[in-house]
Structure formats: C-alpha cells, structure tokens
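Every value quoted in this text rests on a predicted model; they were computed, and no experiment measured them.
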Amino acid sequence: MQMRFDGLLGFPGGFVDRRYWSLEDGLNRVLGLGLGCVRLTEADYLCSHLTEGPHRVVAHFYARQLTLEELHTIEISAVHSRDHGLEVMGMVRVPLYTQKDRMGGLPNFLANSFVGTAKFQLLFALKILNMVPEEKLAEAVAATLKPKKPPVDHVAGA
C-alpha cells in the first residue's frame, strides 16, 4: 500500500481514460509512473467497486503475487518515482500477523484511515487470496471495532 499526501492509506493507481487505453494498459501506464517495474494483466483482476456520490467512480482492484526480490525492486523504484514526496509519501507494508496483545500488527494497521474503498479491498484480498486465516482476519477486524480505553493519567495532584 501507499501513504498518500493527505495521510490516508491507499493502493497505487489512478484514473484511466477508456477512450485511449484498455483498462490494463491504462493501469500499467499509471503504475509505470509510480512504480516503474510491475505490469498487471486481466489474470490479476480481483474485483470492482462503484462509489456513489457527485463523482461516480468505478475502482477496479488487481493483485499479484511477488517474490521478495520483486517487492524490493518495486520499493526502490517507488522512492525514485516522480510522485514520491508529492502525491505519495512512500510504500507501506501491511503486517499480516497479530501480536499477543491482540492489537499489535494487523488490528492496529486496520485502525488507520484509508481512502475510498481501500480498506475493503485490502480485507477482500487478504481473505480471497488466503493471506491471513479467515478467523484471524475476523479477530483483527473485531479488535478495531472495540472502544479504546482512555489513557490513564499517572500525574499525582498536589
């Protein structure tokens, strides 16, 4: 994922003008500007979401398995992209574990702010690609819904 200029987490991508590009060609053009070295195909397609409102947007979601070497190459390429530091503040790895306290790792990550349908897309991909066991994913989501305890004030009064 990426940290955007507005502090929200999202996935790399952008708008594609279907008059000039096929969906995958347009996506690869946009990804080439930001990541440089990854190409997606129809086989990488997972789902689409329609966002209602004054600006109707269809978000198409693609996912592809990478080797660790490919991931490192993409992370290095992203730092050197034209959008780095302007539209995108950097790549972010999603923790696919939960710590013993049941909050650290994925549950805390899910408590962040996401743009548009990015959180739903992330959860959908983690489930459908079997990246996190379904019961662990449900626990992580449930942990983010619990109200947080207020901080304890340890300062003694005079």
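When side chains are defined from C-beta on, Phe11 counts as touching Leu122, because their heavy atoms get closer than 4.5 Å. Side chains of Leu9 and Val92 form a contact here, defined as non-hydrogen atoms less than 4.5 Å apart.
The CD atom of Gln65 sits 10.5 Å away from atom CG of Asp44, with the distance rounded to the nearest 0.5 Å. Expressed to the nearest 0.5 Å, how far CG of Leu23 lies from CG of Leu27 amounts to 6.5 Å. Distance CG/Leu8 to CD/Gln2: 12.5 Å, rounded to 0.5 Å. To the nearest 0.5 angstrom, Phe114 atom CZ is 12.5 Å from Arg4 atom CZ. The distance from the CZ atom of Arg39 to the CG atom of Asp25 is 6.5 Å, given to the nearest 0.5 Å. If you take CG on Leu50 and OG1 on Thr117, they are separated by 10.0 Å, rounding to the nearest 0.5 Å.
Leu31 and Val88 fall into different hydrophobic clusters, where Ile, Leu, Val, Met, Phe, Trp and Tyr are joined by side-chain heavy atoms under 4.5 Å apart, directly or via other members. In the hydrophobic clustering of ILVMFWY residues, with side-chain heavy atoms under 4.5 Å counting as a link, Ile128 and Leu106 come out together. Transitive grouping of hydrophobic side chains (ILVMFWY, heavy atoms separated by less than 4.5 Å) keeps Val115 and Val94 in distinct clusters. Connection of Val141 to Val132 is established within a shared hydrophobic cluster, with ILVMFWY side chains joined at heavy-atom distances below 4.5 Å, either directly or through further cluster members. The hydrophobic clustering, which links ILVMFWY residues whose side-chain heavy atoms are closer than 4.5 Å, places Phe109 and Leu96 together.
Distance alone, capped at 3.5 Å, is enough to place a donor-acceptor pair between the Asn28 side chain and the Leu40 backbone. In terms of modelled atom types and a separation under 3.5 Å, the side chain of Asn108 and the main chain of Gly105 share no donor-acceptor contact. With hydrogens and angles disregarded, a donor-acceptor distance shorter than 3.5 Å links the side chain of Lys119 to the backbone of Leu110. With Arg102 contributing its side chain and Glu139 its backbone, the two residues share no donor-acceptor pair below 3.5 Å. Side-chain atoms of Asp101 come within 3.5 Å of backbone N or O of Gly104 as a donor-acceptor pair. In terms of modelled atom types and a separation under 3.5 Å, the side chain of Ser77 and the main chain of Thr73 share no donor-acceptor contact.
Closest approach of Ser48 and Val58 over heavy atoms only: CB-CG1, 4.2 Å. Here the shortest heavy-atom pairing between His84 and Ala78 reads CB-O, 3.4 Å. Closest approach of Ala118 and Gly10 over heavy atoms only: CB-CA, 4.0 Å.
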CA sep, side-chain torsions, deciding dist, call: Met1, Met91, side chain to side chain contact (heavy atoms under 4.5 Å, CB included): CA-CA 6 Å; Met1 297 193 82; Met91 300 292 292; over 6 Å; no
Worked verdict on Leu46 versus Leu129 for side chain to side chain contact (heavy atoms under 4.5 Å, CB included): CA-CA 10 Å; Leu46 283 186; Leu129 299 174; 4.2 Å; yes
Worked check of side chain to side chain contact (heavy atoms under 4.5 Å, CB included) between Lys136 and Thr98: CA-CA 8 Å; Lys136 294 291 184 187; Thr98 300; 5.6 Å; no
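Within a 6.0 Å radius of CD in Glu52, other residues, nucleotides and ligands contribute more than 12 heavy atoms. More than 12 heavy atoms of other residues, nucleotides or ligands lie within 6.0 Å of CD in Glu135, so this atom counts as buried by the packing criterion.
Annotation: Phe124 is not in aromatic contact with Phe61 [ring centroid separation under 6.0 Å not met]. Annotation: His49 is in aromatic contact with Phe120 [ring centroid separation under 6.0 Å].
Looking only at atom types and distance, the side chain of Glu24 has a donor-acceptor partner in the side chain of Tyr62 under 3.5 Å away.
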